[in-house]
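In listed order, ligands and their atoms are each counted from 1. FYI, side chains are in, hydrogens and waters are out, and symmetry mates aren't considered; it's all heavy atoms of this structure.
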Amino acid sequence: MNLKSALSALLIGVTASVGVAHAQAVALKVEADKPGAKIDRQLFGQFAEHLGRGVYEGVWVGPDSSIPNTRGIRNDVVAALKELRVPNVRWPGGCFADEYHWRNGIGPLKDRPATLNPNWGGVIEPNSFGTHEFMDFVQQIGAEAYISVNVGSGTPQEAADWFEYMTTAQPTALAKQRAANGHPEPYGISFMGIGNESWGCGGSMTPEEYAAQLRIYARYTRNYNADHPTLKIAVGPDSANTGYTEAVMKAWKERNWSWDINGLSLHYYTVGAGWPPKFAATGFGVEEYATLINYTLRMNELLRTHGAIMDKYDPEKKIALVVDEWGAWLAPTPGSKEGFLEQQNSVRDAIIAALNINIFARHADRVRMANIAQMVNVLQAMILTDQDKLVLTPTYHLFHMYVPFQDATFLPVTFDAGTYASGDIKLPKLDAIAAKGKDGKTWLAVTNIDPTGPAQLELTTRAKRAVGKILSAPKVDSVNTFQAPATVAPKPFESKSSGNKIALKLPPHSVAVIALEQ
Ligand code: AHR
């Protein structure tokens, strides 16, 4: 299935779930007069690491490929990603970033060295997708660049040279090299990650050791493009561990004039339990569904915990908490290559995405950027590819439905979330966020977490109708495949008001995103 047929399959929808509220309907109200923080569009960022078939095959096929491409970058993937208005792409890793040497990835393709990717399957890294190809890619999809520099096995000089190469307009030797490689104009790099998981694959540093490196990298790694500022993001906590949060924020508070940062990163994956990840991506039932949803909701607590530590050092919330790796990390697809982190993507993943984005939105004053892991063919991907074929995942559709929330203003919603119980696990049955969009409309996203029954809601509003899309699925583990690409696809949703009420009925395990219209 190509992108055109994948998108046209979505149009074959029916108006879904228009219902009359009955006596047990959950009352819902949007508090339009209590606007909160901006839901920064950067919360919808993506992550493209040199890992498995994420970059090679998923994005880059090379200029000589029979797969339609523009300067080596797949046209179908670019077209699909443009629809998502991807705000930023984090690259080149991940763990890969701390072993990446940028000079290997510039110059004529034929002259680039083959190196190794020891983190991810020990495969050959051809270095065909380097700085210029990445910048071409983000420009093709209309995103901003988030580049992580190598702190683990690189040097401050190497990182400083990379930023000079990319950003200076002065005729330095590095700028001349960039021009000779086809880009005389300086690039604009919006975000710089100073290392990745320096507590683990990025060098196994203690918080204090990392803080010492951070001061040096943050000092010497400069953006020379005054027209395009770069925000610097430090490595922060792994899940609930607070050591890095304390140490980096303390170092920042005690900083002198010579260095600064703008963000602190948090990594938290929805794994379920134990390591390596063993929850199946398909063929699961409601118990595993509930376990993973429960696990993902811990994001709430993590943001509260790390947010409270940050408040101690930074009550003005100058430093953003940047959740630059999040999403479901499941057992790999049977038969896929070891270390390639390939997994299918079900309606459960879409619900995981909705719940996390809702949590980010509720913490939007501090959480101003996030990157789902990852973009194509890796972990909780937007897109799966097989040679020239492409399939859009339920997570892709969820991100597409949430586009109106980019840079929208948070509005509180009052409702009784109720309870869905599975064994010992108790989950909210419902989740909802609302926002005033940049289009002036009030947008509401409602998730029925319950996989066993529909949700009936009654919205009190002066609006005449609610119009949007609903993402539902026949089964709790429904996925899209190359053979059946639209099993989980959004369908039109509409409900008209009666008096000052609009009835909304959501099928089990579904998400609706609607605009309230007069
Ligand atoms: O996203 C896969 C890996 O997960 C990243 O490379 C690393 O940062 C994290 O542990």
shortest atom 1 (O) of ligand 1-to-protein heavy-atom contact is with Tyr269 OH, 2.7 Å

Leu379 heavy atoms within 4.0 Å reach ligand 1 at atoms 1 (O), 2 (C)

In ligand 1, the atoms that come under 4.0 Å of a heavy atom of Cys95 are 5 (C), 6 (O), 7 (C), 8 (O)

- State whether the number of non-hydrogen atoms from other residues, nucleotides or ligands found under 6.0 Å of Lys312 atom NZ is greater than 12. yes

Using a 3.5 Å cut-off on N or O atoms only, is Trp329 in polar contact with ligand 1?
no

Self-check item: Ion pair Arg304/Glu301, N-O distance below 4.0 Å
Solution: yes

Inset, instruction - Assign the ring pair Tyr187 / His183 to parallel, tilted or perpendicular, where the plane angle (0 to 90°) is split at 30° and 60°. - result: parallel

Exercise. Is there a heavy atom of Phe96 sitting under 4.0 angstrom from any atom of ligand 1?
Worked result: no

Value for CG (Asp349) from CE (Met382), rounded to nearest 0.5 Å, stands at 10.0 Å

query = Which of parallel (below 30°), tilted (30 to 60°) and perpendicular (above 60°) describes Phe129 and Phe137?
reply = perpendicular

Given the options Gln46, Gln374, Glu325, Arg90 meets side-chain hydrogen bond (donor to acceptor under 3.5 Å, both in side chains) only with Glu325

Taking only non-hydrogen atoms of Glu49 and a 4.0 Å limit, the atoms of ligand 1 in range are 1 (O), 2 (C), 5 (C), 6 (O)

Honestly, for Trp120 the part within reach of ligand 1 (heavy atoms, under 4.0 Å) is side chain

Atom 9 (C) of ligand 1 sits nearest the protein heavy atom Glu325 OE1, 2.9 Å

Is Ala373 in polar range of ligand 1, meaning some N or O pair under 3.5 Å apart? no

Note: Asn196, heavy atoms under 4.0 Å from ligand 1, region reported as side chain

**Message:** Using a 6.0 Å cut-off, check whether atom NZ of Lys318 has over 12 heavy atoms from anything other than its own residue.
**Reply:** no

task: Starting from the C-alpha separation in whole Å, work towards a yes-or-no answer on ring-ring contact (aromatic ring centres under 6.0 Å, His included) for Trp91 and Tyr100.
output: CA-CA 10 Å; Trp91 175 85; Tyr100 183 60; 5.7 Å; yes

A student checking ligand 1 against Gln374 at a 4.0 Å heavy-atom cut-off should list atoms 1 (O), 2 (C)

If we number the atoms of ligand 1 from 1 as shown, the ones under 4.0 Å from a heavy atom of Glu197 are 7 (C), 8 (O), 9 (C), 10 (O)

A student checking ligand 1 against Phe47 at a 4.0 Å heavy-atom cut-off should list atoms 1 (O)

Is Asp314 salt-bridged to Lys253, cutoff N-O under 4.0 Å? no

